[in-house]
Amino acid sequence: MTQAQMQDLDQIMAQRLAKTRDLFLKILSERDREILDARRKVEQNEAPIDRGMAEIRSVYHRIAGSAGSLGFAEFGDLASTFEATIDSLREARRTDDTGWAAVVRDSEIFRARIAEILERR
C-alpha cells in the first residue's frame, strides 16, 4: 500500500470514528431517559427493585462497552464501576430500599456526567 493510500485510509477511518462518536453522543440522551424510566417504574411500584436495577445495569453495560473507544474512557470507567456496584448488590441480595438508594445515588452522578458531556458537545 502506498503512502497516499495509507493517508486516505487514515482519513476514512477518522471520519467513520467521528460519525460513530456523534451517534454515541446522540444515544446518551436516550440512555438518560432509560435510567429515568427504570427509576420511575420502581418508585411508582410498576416494577420490582431487582428489575429496575437490571434495567439501569444494562444502560451502564452498553455505555461501558463503547465509551472508551470513542474518547470517553473516564466515562466508560464510571459506567463499569456502577455496573459492578449493581452486580454486587444483586449478588448480595440487596435488592431492597437500601440497595435501591445506592443505585439511585449512583444514577444521579451518572446522569450529571451525561449532562456535562452533552453540554460540551
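Since the model is a prediction, treat every value here as computed from it, not as a measurement.
Side chain of R62 to main chain of S58: a donor-acceptor pair is present (N/O by atom type, distance under 3.5 Å, no hydrogens or angles). At least one donor-acceptor pair closer than 3.5 Å links the side chain of S80 to the backbone N or O of G76.
Closest of all the heavy-atom pairs between G52 and W100 is C-CZ3, 3.8 Å. When every heavy atom of G99 is checked against every heavy atom of D96, the shortest pair comes out as N-OD1, 2.9 Å.
Side-chain contact between R57 and V103 is absent, with no heavy atoms from C-beta onward closer than 4.5 Å. Counting heavy atoms from C-beta on, the side chains of P48 and T95 never come closer than 4.5 Å. Under the 4.5 Å side-chain criterion, counting only non-hydrogen atoms from C-beta, V42 is not in contact with M53. Using a 4.5 Å heavy-atom cutoff, the side chains of R113 and I109 are not in contact. Counting heavy atoms from C-beta on, the side chains of R94 and R90 never come closer than 4.5 Å.
For the atom pair CZ (R51) and CD1 (I56), the distance works out to 13.0 Å, reported to the nearest 0.5 Å. Atom CG of residue L28 and atom CD1 of residue I63 lie 5.5 Å apart, to the nearest 0.5 angstrom.
Aromatic ring pairs are classed by plane angle as parallel below 30°, tilted from 30° to 60° and perpendicular above 60°; the pair F82 and Y60 is tilted.
Ion pair D37/K41 flagged as a salt bridge, since at least one NZ, NE, NH1 or NH2 atom sits closer than 4.0 Å to an Asp/Glu carboxylate oxygen.
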